[in-house]
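Here is the structure we will look at, set down as structure tokens.
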Amino acid sequence: MAGFTIATWNVNSIRVRLSQVLDWLKTNQPDILALQETKVIDESFPWQDFQNIGYQAYYAGQKTYNGVAFLSKNPLGKIAADLPNLQDPQRRILGAIYKDIYLLNLYVPNGERVGSEKYFYKLSWLSRIKDYLEQSLYQYPKLIILGDFNIAPTNDDVYNPVRWDEKILCSTPEREKLKEIIGLGFYDSFRLFIQEQNSFSWWDYRQNSFMHNRGLRIDLILISKALISYCNSCRIDRAPRSSDRPSDHTPIVCSFN
DNA sequence: ATGGTAGTAGCACTA
């Protein structure tokens, strides 16, 4: 298997962040970048701008909210914007095949607040994803799930665990759902390598959170066991979060032999 | 405990 690099980035509007994403691709040259929160209908996705710099675009969007995409140097196969057992009108999922690897780009529901209607939607959404993955692993033992999970896996992924205790993004039921998914046979690629303490992928726009590094690690690249021996690095690139008009998330980059 | 910022849309909603 020839080496490749894959990344994920919640851009919070592809229209606002277009030049930043183009610059980042030109500098970093990943083979594949998964985007979340593109916030455009498919007719408005700026695919031509990506094609101009050597990336094919695959996307599933809607008006105002959600929206996911893959940008890839090489053509991807078998694009799917929904799951057989989900049928969700919200555009939060994009599946694709790259080589012999199944890629699943996820924008997990935020959940708003523990106990809210959106919270229960988040939990049941995650259950359906888990059921689907359980089936898919037989067909595709090489599987990568990446995206905005809207869950900080452990307190090591939270700047202030006391303040976030049982709050949205950190509550026990959400973390249990994530654990169930990981328990199917996945690994949090970021934790396969030694990392600095207080490494985060999202910082709230308010209260100068980024300046104070008051963040959470909620963007993940999960890889199946069959890919472990190929994975040689995973890092968070904080640079885009320092740009003018940044997304509130920053990219995660994972490399394979 | 509350509200703070940003994007979309052009108000209130979502995050």
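Chain naming here is simple, since letters A, B, ... match the order of the sequence lines and numbering starts at 1 in each.
- Look at Arg206(A) and you won't find any side-chain N or O under 4.0 angstrom from OP1 or OP2 of dA15(B).
- Contact between the side-chain N/O atoms of Lys63(A) and the OP1/OP2 oxygens of dT8(B) is not found at any separation under 4.0 Å.
- Of the listed nucleotides (dG4(B), dT8(B), dG7(B)), dT8(B) has the atom at the smallest distance from the side chain of Thr64(A).
- Cluster annotation: Ile144(A) and Phe190(A) are assigned to the same hydrophobic cluster (Ile/Leu/Val/Met/Phe/Trp/Tyr, side-chain heavy-atom contacts under 4.5 Å, transitive).
- In terms of phosphate contacts, Arg92(A) brings a side-chain nitrogen or oxygen within less than 4.0 Å of OP1 or OP2 of dA15(B).
- Side-chain contact annotation: Trp24(A) with Asp237(A), donor-acceptor N/O pair under 3.5 Å present.
- When distances run from any side-chain atom of Arg163(A) to the nucleotides dA15(B), dG3(B), dG7(B), the shortest one goes to dG3(B).
- For Tyr65(A), whose side chain is taken as the heavy atoms from C-beta onward, the closest listed nucleotide among dA15(B), dA9(B), dC13(B) is dC13(B).
- The separation between Asp244(A) atom CG and dG7(B) atom P is 12 Å, rounded to whole Å.
- Ser242(A) places a side-chain heavy atom less than 4.5 Å from the side chain of Phe210(A).
- Using a cut-off of 4.0 Å between Lys/Arg side-chain N and Asp/Glu carboxylate O, Asp188(A) and Arg217(A) are scored as salt-bridged.
- Checking dA15(B), dA6(B), dA9(B) against the side-chain heavy atoms of Tyr205(A) singles out dA6(B) as nearest.
- At dT14(B), none of the side-chain N or O atoms of Arg113(A) fall inside 4.0 Å of OP1 or OP2 (strictly under the cut-off).
- Here the side chain of Arg15(A) is nearest to one of dA15(B), dA9(B), dG4(B), namely dA9(B).
- What separates CD of Glu112(A) from C1' of dA12(B) is a distance of 13 Å, to the nearest Å.
- Nucleic acid contact class of Phe210(A) (heavy atoms, under 4.0 Å, all strands): none.
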